Amino acid sequence: MSHFRQQSRGKSWPITALAKDYPRGWQVPRHRHRRGQLIYAKSGVMHVTTREGIWVVPPQRALWIPLGMEHEIQMEGNVAVRMLYMDRARSALFGAHCKVLTVPALLRELILSAVDAHAGKRRERMAILADLLLHELQEAEEEALHIPVPTDPRLKSVCQRLLAGTSRVETLEQLAARVGASSRTLARLFESELQMSFAHWRQHVRLAQALSQISQGRAIKAVARDAGYANCSAFSSMFRRVLGITPSDYLRQATAPSMR
């Protein structure tokens, strides 16, 4: 008998699950949980903000949030959220930092089945699912959908400007002039505070907005233009370099129906 099954005979559940659907623009205020949390986007895109930065969670991806980590959630479009909560022992398996994980078909169905089992108070079924669910989560690949945020006032002002409008095309020199710094100083701040170049950071911001737009059905050509790319080919190249798939493949994956 697994450790989960032994514990599930007691009062508390080692793993619990919840389903919630949110309308476009809904914001969940800053809060934290006593358990580790896995937030899965069945459909729609979420932006989750923690002290570690902004995390982009598109369809068929999940975000791991360690226990005690304060976070707030912004819904981009209508979002169907499925959540798992894990006790301290199981939370330790996934580390003390946030990360976005891929959710292939098997893992997706395990998450959805766990939500159904918990809603129906089916402890034995939850126990059967738990071991495989934990195994598949540990095997899931991590994706680079993280936008780190700075503390330096000058860099913070620049980043807020870029986050407010990802189609902006100001150069580093123009942005530096706005905050009273040299472009060299600003470039150094990006590297020291955010561990990435200005171009790399802006690329992540543009990708975050693109994921939201693609998931809402916007034409890829229009998305590429808003992201500051002269043509779809250049945009697709960036998209594939970061996510490993083309925008068209991502759209098909994001809208693929569940088996249930």
Side-chain angles (χ1 to χ4, degrees), residues 22-27 41-49 53-61 63 73-80 100 102-103 143-150 154-179 183 186-187 189-191 194-257:
Y22 295 94
R24 180 192 304 270
W26 187 272
Q27 185 166 0
K42 183 181 177 185
S43 63
V45 175
M46 297 175 280
H47 291 176
V48 182
T49 302
I54 301 170
W55 302 85
V56 184
V57 190
Q60 311 310 335
R61 305 297 188 276
L63 175 66
I73 309 173
Q74 177 72 38
M75 308 300 170
E76 302 291 331
N78 299 319
V79 184
V100 175
T102 58
V103 179
E143 292 195 353
L145 294 173
H146 174 215
I147 304 172
V149 293
R154 295 163 296 178
L155 187 57
K156 193 171 186 177
S157 178
V158 167
C159 289
Q160 286 174 339
R161 181 172 177 81
L162 293 171
L163 284 166
T166 55
S167 62
R168 296 186 186 278
V169 292
E170 290 101 330
T171 64
L172 185 63
E173 289 73 18
Q174 291 171 324
L175 291 165
R178 287 183 176 276
V179 296
S183 59
L186 207 56
L189 286 170
F190 268 101
E191 293 286 355
L194 306 180
Q195 283 76 57
M196 62 177 64
S197 68
F198 163 70
H200 192 188
W201 190 89
R202 183 159 66 178
Q203 182 184 87
H204 275 59
V205 173
R206 287 173 169 173
L207 180 61
Q209 183 65 20
L211 288 170
S212 298
Q213 293 179 347
I214 291 172
S215 297
Q216 293 172 39
R218 194 147 191 249
I220 292 174
K221 184 176 181 179
V223 174
R225 183 181 62 247
D226 280 359
Y229 287 83
N231 55 66
C232 286
S233 178
F235 172 71
S236 295
S237 178
M238 178 278 295
F239 197 99
R240 185 167 189 169
R241 186 167 58 252
V242 177
L243 292 183
I245 57 175
T246 65
S248 298
D249 288 340
Y250 168 80
L251 178 60
R252 284 192 289 272
Q253 186 183 95
T255 56

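Just so it is clear, the structure is predicted and the values come from calculations on it, not from any experiment. Basis for what follows: all heavy atoms, side chains included, without hydrogens, waters or symmetry-related copies.
Closest approach of Asn231 and Ala224 over heavy atoms only: O-CB, 4.3 Å. Here the closest heavy-atom approach between residue Val103 and residue Arg61 is recorded as CG2-C, 3.7 Å. Between Leu194 and Cys159, the shortest heavy-atom distance links the atoms CD1-SG, 4.2 Å. The two atoms that bring Leu172 and Ala187 nearest to each other are CD2-CB, 3.8 Å, heavy atoms only.
Counting only distance, with no hydrogens or angles, the side chain of Gln174 and the backbone of Thr171 share a donor-acceptor pair below 3.5 Å. Without hydrogens or angle criteria, Gln74 side chain to Gly25 main chain gives a donor-acceptor distance under 3.5 Å. At distances below 3.5 Å, at least one donor-acceptor pair connects side-chain atoms of Ser236 with backbone N or O atoms of Cys232. A donor-acceptor pair is defined here as one N or O able to donate and one able to accept, closer than 3.5 Å; such a pair exists between the side chain of Asn78 and the backbone of Arg24. Looking only at distances, a side-chain donor or acceptor of Arg206 sits under 3.5 Å from a matching main-chain atom of Ala227. Trp201 places a side-chain N or O within 3.5 Å of a backbone atom of Pro148 that can act as its donor or acceptor partner.
Residues Arg240 and Ile245 are not in side-chain contact: their nearest non-hydrogen atoms beyond the backbone lie 4.5 Å or more apart. For the pair Val56 and Val45, the minimum side-chain heavy-atom distance is below 4.5 Å. Side-chain contact between Tyr229 and Ser237 is absent, with no heavy-atom pair separated by less than 4.5 Å. Taking 4.5 Å as the limit, some side-chain heavy atom of Arg241 sits within range of a side-chain heavy atom of Gln203. Proximity of Val149 to Lys156: side-chain heavy atoms (C-beta onward) are nowhere separated by under 4.5 Å. Contact check for Thr246 versus Phe239: no side-chain heavy atoms found under the 4.5 Å cut-off. Put simply, the side chain of Val48 reaches to within 4.5 Å of the side chain of Val57, judged on heavy atoms. Taking the side chain as every heavy atom from C-beta outward, Leu211 and Leu145 approach each other to under 4.5 Å.
Between Glu76 atom CD and Tyr22 atom OH the span is 15.0 Å, to the nearest 0.5 Å. We find the OG-CG distance between Ser157 and Leu175 to be 9.0 Å, quoted to the nearest 0.5 Å. The CD atom of Gln160 sits 10.0 Å away from the CG atom of Leu155 when rounded to the nearest 0.5 Å.
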| query | side-chain contact (heavy atoms from CB on, under 4.5 Å) between His47 and Met75: does it pass, once the steps are laid out? | reply | CA-CA 7 Å; His47 291 176; Met75 308 300 170; over 6 Å; no

| query | Can you list the steps and then say if Gln27 with Ile73 is a side-chain contact (heavy atoms from CB on, under 4.5 Å)? | reply | CA-CA 6 Å; Gln27 185 166 0; Ile73 309 173; over 6 Å; no

| How far apart are the C-alpha atoms of Val223 and Phe235, what are their side-chain angles, what is the distance that settles it, and do they pass the side-chain contact (heavy atoms from CB on, under 4.5 Å) test? | CA-CA 9 Å; Val223 174; Phe235 172 71; 3.8 Å; yes

| task | Would you please test Ser197 and Glu191 for side-chain contact (heavy atoms from CB on, under 4.5 Å) and show each step? | result | CA-CA 6 Å; Ser197 68; Glu191 293 286 355; 3.6 Å; yes

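Relative ring orientation between His146 and Trp55 is described as parallel, the plane-to-plane angle staying below 30° on a 0-90° scale split at 30° and 60°. In this structure, His204 and His200 have perpendicular ring planes: the angle between them is above 60°, well past the 30° mark.
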